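One structure below.
Reckoned from all heavy atoms, side chains included, excluding hydrogens, waters and symmetry mates. Note that the structure is a prediction, hence the values are computed from the model and not measured.
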Amino acid sequence: MFVVKIISFMKISIIGNNLTGLILSKALVNKNINVKLFYNPKKNTKKTNRTIGIAKKNMDFIQSKLLKVPKFFFNTINEIGIFTENSKKSEILNFNNEHELFYLVKYESFLNLINKSLKKSKNFKFHKIKSYNSFKSMINNCDEKIIINCENNNFINTNFFSSNFSKDYKSEAFTFIFQHKSIKNNKAIQIFTKYGPLAFLPLSKTQTSVVFSVYKSKYKLDEKKIITLVKYYNKKYTINKFSNIEKVNLKFKSARKYFYKNILLFGDNLHQVHPLAGQGFNMTLRDLEILMTEIDKLKKLGLPLNKNILKNFENKTKSNNFLYISGINIIESFFKLDSQFKNSISNLIPKLTKKNKYVKNLFIQIADKGLRFL
Ligand SMILES: Cc1cc2nc3c(=O)[nH]c(=O)nc-3n(C[C@H](O)[C@H](O)[C@H](O)COP(=O)(O)OP(=O)(O)OC[C@H]3O[C@@H](n4cnc5c(N)ncnc54)[C@H](O)[C@@H]3O)c2cc1C
């Protein structure tokens, strides 16, 4: 009885109505925690056709602990083929699993699904941030509570967390969806082209999402050229129609400190990585699972939420996350270098992995579960 009373007094303020802020809110609300979500009404107003690949282990976590995602919301990917500019039609690597590797969802549909579910919760409220002064007073009046910042480049980031490990990938990602003739569409393809990594990510039998990360310091490509190149590298689909193209600069960021006083950073604020491995949001989901475990530990002890949880969370995640994103950076640098040598280094990969199935399996496990299973 006593434990239940304390838990119902738990309060957390979250900043950011993006995917990170909403999924975190949903996880907390499910644990009977009162959540106030503060958001800037001018941010995230644009429609987007971006998609997100969610690893199997993370989708299992979402489905079992957060919310039911109906099957028609995602497409299952059970095979990934990796090619290079010079590997012609043969793959340098192929990952396939008897089970699913990952699922592709439309960012906006997923966001709306969580939003809808949150609006039904009694212990959840949205609050508009009207000005920087209201932001400041919110922080000053939140001494007892925990604040989790999921938004990039706001007052909190610039004032309390200005020092990060960062790097400009000198690349920009073009993202869009194309419609095509109906086919069985469960194999993702990544081609390390001389322009940068190009991914074809199946969204349904008739829709495929494209992420083309281009080395912008070397190639200045406009939308017309992007479409021409996608048509050139596509060997699989009969394309009918392209959606509009979105463009985003690619940067690497790793937070030096995860929390300050009672404020915790979360999501891309902690780690922003190159999309070539589709791991940014997956890392956030792994962090979320760890944060929830720490909350459960407090619950079991009958203790209210306190600032110690932020330290425990940092201890459990920071070094693993840094190692993981460093691995992604090594892959990015490797293929950049390899393309300068006409893929002569990556051409050796098929011989190496054929002999060693363990290595391939290891890659699958790391992409699915992070470094925790090692
Ligand atoms: C091109 C691209 C593809 C990605 N694909 C995956 C993936 O398959 N699986 C995964 O786990 N993580 C992926 N990520 C990372 C993931 O998008 C972010 O970790 C997550 O969306 C950020 O959280 P948010 O949406 O809550 O934050 P927000 O503040 O809403 O989003 C900001 C971040 O979203 C990303 N972004 C902005 N515009 C686009 C766009 N048009 N397309 C894609 N991303 C955009 C940028 O990284 C930006 O920093 C990708 C990132 C990029 C840039």
Side-chain angles (χ1 to χ4, degrees), residues 7-8 10-39 44 50-77 99-126 146-151 264-271 278-300 305 309-310 312-313 316-317 321 367-370 372-373:
I7 290 163
S8 64
M10 286 181 170
K11 286 178 185 168
I12 292 192
S13 296
I14 290 178
I15 303 167
N17 63 344
N18 50 18
L19 196 52
T20 307
L22 292 176
I23 203 145
L24 172 61
S25 299
K26 180 66 186 149
L28 295 169
V29 159
N30 285 3
K31 295 218 172 282
N32 270 334
I33 295 169
N34 289 324
V35 176
K36 276 188 185 173
L37 189 146
F38 293 81
Y39 72 101
N44 300 324
R50 66 199 253 210
T51 55
I52 250 181
I54 298 179
K56 183 184 180 312
K57 168 91 178 15
N58 282 331
M59 186 58 98
D60 291 346
F61 166 61
I62 293 172
Q63 296 277 24
S64 63
K65 300 276 166 57
L66 305 186
L67 78 165
K68 284 275 159 265
V69 186
K71 273 202 158 175
F72 63 83
F73 261 81
F74 53 79
N75 192 36
T76 304
I77 312 296
H99 310 291
E100 303 83 354
L101 286 172
F102 70 94
Y103 305 91
L104 200 72
V105 292
K106 274 191 174 163
Y107 180 96
E108 216 160 75
S109 319
F110 192 38
L111 193 101
N112 291 338
L113 185 77
I114 307 169
N115 227 328
K116 230 174 164 179
S117 156
L118 275 173
K119 280 178 182 162
K120 289 182 199 153
S121 307
K122 281 190 192 134
N123 48 341
F124 176 80
K125 272 197 182 125
F126 277 115
I146 286 170
I147 301 173
I148 308 185
N149 182 28
C150 303
E151 205 181 68
L264 176 72
L265 294 181
F266 211 70
D268 274 19
N269 274 329
L270 295 179
H271 35 66
Q279 283 294 329
F281 188 62
N282 279 301
M283 290 181 73
T284 297
L285 288 168
R286 283 179 209 122
D287 288 346
L288 182 57
E289 207 177 348
I290 292 173
L291 185 64
M292 292 306 112
T293 308
E294 291 305 308
I295 289 175
D296 284 343
K297 281 186 197 163
L298 281 185
K299 255 182 158 181
K300 266 192 193 149
L305 274 181
I309 202 167
L310 309 187
N312 293 346
F313 170 73
K316 292 261 156 67
T317 52
N321 281 344
D368 191 33
K369 301 186 179 95
R372 265 187 294 160
F373 86 102

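Closest heavy-atom contact between Asn282 and Gly53: ND2-O, 2.9 Å. Leu288 approaches Ala27 most closely through the heavy-atom pair CD1-CB, 3.9 Å. Nearest heavy-atom pair across His271 and Asn321 is CD2-ND2, 3.5 Å. Closest non-hydrogen pair, Ile114 versus Leu67, comes out as CA-CD1, 4.1 Å. Across Gly21 and Leu37, no two heavy atoms sit closer than the pair O-CD1, 3.8 Å.
With sequence neighbours left out, the side chain to side chain contact (heavy atoms under 4.5 Å, CB included) criterion links Lys68 to Gln63. Here Lys106 pairs with nothing under the salt bridge (charged side-chain N to carboxylate O under 4.0 Å, His left out) rule; sequence neighbours left out. With sequence neighbours excluded, no residue forms a side-chain hydrogen bond (donor to acceptor under 3.5 Å, both in side chains) with Asn269. By the ring-ring contact (aromatic ring centres under 6.0 Å, His included) test, Phe313 is found to be paired with Phe266, residues two or more places apart in sequence or in another chain being considered. Applying the ring-ring contact (aromatic ring centres under 6.0 Å, His included) criterion to Phe102, with sequence neighbours excluded, gives no partner residue. Residues satisfying the side-chain hydrogen bond (donor to acceptor under 3.5 Å, both in side chains) test with Thr51, not counting sequence neighbours, are Ser209. Not a single side-chain hydrogen bond (donor to acceptor under 3.5 Å, both in side chains) links Lys65 to another residue, sequence neighbours left out. Applying the side chain to side chain contact (heavy atoms under 4.5 Å, CB included) test to Asn75 and every residue at least two apart in sequence or in another chain returns Ile77, Asn186, Pro202. Remark: Phe126 engages Tyr39, Phe124 in a ring-ring contact (aromatic ring centres under 6.0 Å, His included) (not counting sequence neighbours). The side chain to side chain contact (heavy atoms under 4.5 Å, CB included) test applied to Leu111 returns Leu19, Leu22, Tyr107, not counting sequence neighbours. With sequence neighbours excluded, the residues forming a side chain to side chain contact (heavy atoms under 4.5 Å, CB included) with Asn112 are Glu108, listed by chain and number.
Remark: Thr293 OG1 to Leu298 CG distance equals 11.5 Å, nearest 0.5 Å. In this structure, the separation between CD1 on Ile14 and OG1 on Thr20 is 10.5 Å, given to the nearest 0.5 Å. A distance of 13.0 Å separates CZ of Phe38 from CD1 of Ile148, quoted to the nearest 0.5 Å. If you take CE on Met292 and CG on Leu66, they are separated by 8.0 Å, rounding to the nearest 0.5 Å.
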Between Val35 and Leu118, does the side chain to side chain contact (heavy atoms under 4.5 Å, CB included) criterion hold? Intermediate values first, please. CA-CA 10 Å; Val35 176; Leu118 275 173; over 6 Å; no
Is there a side chain to side chain contact (heavy atoms under 4.5 Å, CB included) between Phe110 and Ile23 once you walk through the steps? CA-CA 10 Å; Phe110 192 38; Ile23 203 145; 3.9 Å; yes
Check step by step if side chain to side chain contact (heavy atoms under 4.5 Å, CB included) holds for Ile146 and Lys11. CA-CA 7 Å; Ile146 286 170; Lys11 286 178 185 168; over 6 Å; no
Going through the distances and angles, do Leu113 and Phe73 end up as a side chain to side chain contact (heavy atoms under 4.5 Å, CB included)? CA-CA 9 Å; Leu113 185 77; Phe73 261 81; 3.7 Å; yes
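Identified under the side chain to side chain donor-acceptor pair (under 3.5 Å) test for residues 114-125, with sequence neighbours left out: Lys26-Ser117.
The main-chain N or O of Cys150 is found under 3.5 Å from a side-chain atom of Asn18 such that the two form a donor-acceptor pair.
The residues Arg286 and Glu289 are annotated as not salt-bridged, no charged nitrogen and carboxylate oxygen being separated by less than 4.0 angstrom. For the pair Lys56 and Asp60, the salt-bridge criterion is met [side-chain N within less than 4.0 Å of a carboxylate O].
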